[in-house]
Amino acid sequence: MIAKSMTPFVRGSSEIRKMFEEGKKMAEIYGAENVYDYSVGNPGLHPPKEVYDAIDHINHDLDPHMVHGYMANAGHVSTRQTVADDLNKRFGTDYTIDNIIMTVGAGSAINALMKTIYDPGDKQIVFAPYFVEYDNWAGNYYAESIVVRSNEANGFEPDPEDLKKALTPDVKAVIINNPNNPTGVIYSEETIIGLTNVLKEAEREFGHPVYIISDEPYRELVYTDQEVPFIPNYYDNTLIAYSWSKSLSLPGERIGYLAISPKSDDPEEFFGAAVVASRVSGATNAPSLQQLIIDECIDAQVDISYYKKNAEDLYKIVTDAGFTALKPQGAFYMWVKSPVADEHEFIDALKQERILGVAGSAFAGPGYIRLSFCISNETIMNSAESFRRAGNKYFK
Ligand code: PLP
């Protein structure tokens with residue numbers, strides 16, 4: 001018998017499974033090449049050549065005990081040093097190995113951070129639309145989200161004034177995901193300065209840290225000349241959750257890290273607690289082989305220009321069909337306005353044209369849908385006629 005507390009999660013995941021099954025069924029009926037699946041954010045590109053070379057080298061030349069054995073829970077010293085050096089070189093910071101813990105992707109990094117910070121009843125602030133797994137993960141530690149909404153008028157960037165109104169003394173963290181899933185927006189430096197000024201004031205008033213958890217799996221996926229502000233340079237109590245799931249196309253391999261700013265409140269104590277949090281969450285340590293790959297591939301990336309072209313082509317197709325969309329600045333998502341109030345109706349209309357997307361309500365962003373364009377460019381180009389037919393239903 002399963003716990004009562006699991007019931008809502010099981011219900012939620014059967015919704016996702018339903019969509020997945022539906023996609024498979026459509027592929028059987030119409031042929032996979034005639035179904036345009038923009039639903040899942042599973043990177044379509046292969047990992048770069050450097051990853052395959054590193055795997056060969058590690059398997060042939062390194063001591064198997066070192067490659068496959070248990071290790072310190074925080075991860076290989078060499079990999080943590082590589083990550084610290086990379087951050088310091090790129091962002092002018094002072095990270096050391098005692099600020100870095102290798103994790104099982106960003107999901108595990110965020111869980112370790114939440115377990116380190118939250119007591120039951122604590123609150124976190126999230127900016128909608130958002131990746132709602134944040135709520136489930138906070139629930140693991142009996143903490144809850146307060147949702148602050150952004151909207152069309154402010155380009156889906158959070159408003160510091162709204163943050164100010166939502167802050168209470170039991171808020172222990174604010175989650176920022178930039179570039180953003182699901183909107184594809186990059187929050188500007190002005191927004192980050194506005195938000196961090198509000199948080200600095202709150203820390204003074206409440207007398208305790210209000211951490212920023214900076215969730216950065218899309219940090220490298222940028223399609224404009226905009227800078228993605230590196231938040232630790234604006235706010236001392238910043239904790240980074242990073243992942244190579246997207247930048248190296250390794251989502252199934254589960255590799256990321258958490259970084260505790262050396263300028264944060266008692267970083268030494270935090271590091272010790274976060275190592276324990278990571279272990280007791282059951283992760284024990286990040287996969288060893290993947291850490292060693294990162295050691296050798298820290299400068300490697302998937303071909304971002306491929307996603308950039310996808311973003312441009314899909315934007316043209318969708319807007320030519322009459323729909324309104326945000327032009328993606330980063331990540332690999334396009335946020336499209338539903339032409340009818342209930343975006344589920346729009347999702348159904350697209351399905352009739354064999355186009356699959358995700359309803360914005362799944363990200364606390366009703367009235368919109370998310371299209372994930374990490375698929376092949378050929379599929380995107382082939383979907384143009386279907387989008388045109390869907391557009392004709394609303395705009396002709
Ligand atoms: N955060 C956001 C915003 C994501 O979109 C994802 C995955 O898609 C994650 C975190 C989890 O990333 P990982 O695969 O590294 O656990």
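Counting convention: from 1, in listed order, for ligands and their atoms alike.
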Flag for [Y]-[X]: side-chain donor and acceptor within less than 3.5 Å:
{"X": "Asn88", "Y": "Thr93", "answer": "yes"}
{"X": "Asp295", "Y": "Gln291", "answer": "no"}
{"X": "Thr82", "Y": "Thr79", "answer": "no"}
{"X": "Asn111", "Y": "Ser281", "answer": "no"}

Original post:
Considering only heavy atoms, which of Gly256, Ser372, Ser245 lies nearest to atom 14 (O) of ligand 1?
Top reply: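 Result: the heavy atom closest to atom 14 (O) of ligand 1 is in Ser245.
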Original post:
Relative to atom 3 (C) of ligand 1, which among Val104, Ile175, Asp215, Ile255 owns the nearest non-hydrogen atom?
Top reply: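 That would be Asp215.
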Original post:
Should you measure from each heavy atom of Ser243, which atoms of ligand 1 turn up under 4.0 Å away?
Top reply: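 Heavy-atom distances to Ser243 below 4.0 Å select 13 (P), 15 (O).
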Subject >> Atoms in ligand 1 with a heavy atom of Arg254 nearer than 4.0 Å >> reply: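 The list of qualifying atoms is 13 (P), 14 (O), 16 (O).
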Consider ligand 1: state whether an atom of it lies below 4.0 angstrom from any non-hydrogen atom of [X].
{"X": "Tyr130", "result": "no"}
{"X": "Tyr134", "result": "yes"}
{"X": "Pro217", "result": "yes"}

Write out the residue and atom name of the closest protein heavy atom to [atom], then the distance separating them to 0.1 Å.
{"atom": "atom 7 (C) of ligand 1", "answer": "Lys246 NZ, 3.5 Å"}
{"atom": "atom 6 (C) of ligand 1", "answer": "Phe131 CZ, 3.5 Å"}
{"atom": "atom 12 (O) of ligand 1", "answer": "Ala106 CB, 3.8 Å"}

N or O contact, [X] vs ligand 1, cut-off under 3.5 Å:
{"X": "Asn177", "result": "no"}
{"X": "Ser108", "result": "no"}
{"X": "Ile110", "result": "no"}

Original post:
Taking only residues two or more places apart in sequence or in another chain, which ones pass side-chain contact (heavy atoms from CB on, under 4.5 Å) with Asp98?
Top reply: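 With neighbours one apart ignored, the set is Arg80, Thr96, Phe271.
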Side chain to side chain, [X] and [Y], heavy atoms closer than 4.5 Å:
{"X": "Leu221", "Y": "Ile304", "answer": "yes"}
{"X": "His46", "Y": "Ser249", "answer": "no"}
{"X": "Asn73", "Y": "Thr284", "answer": "yes"}
{"X": "Asn177", "Y": "Pro217", "answer": "yes"}

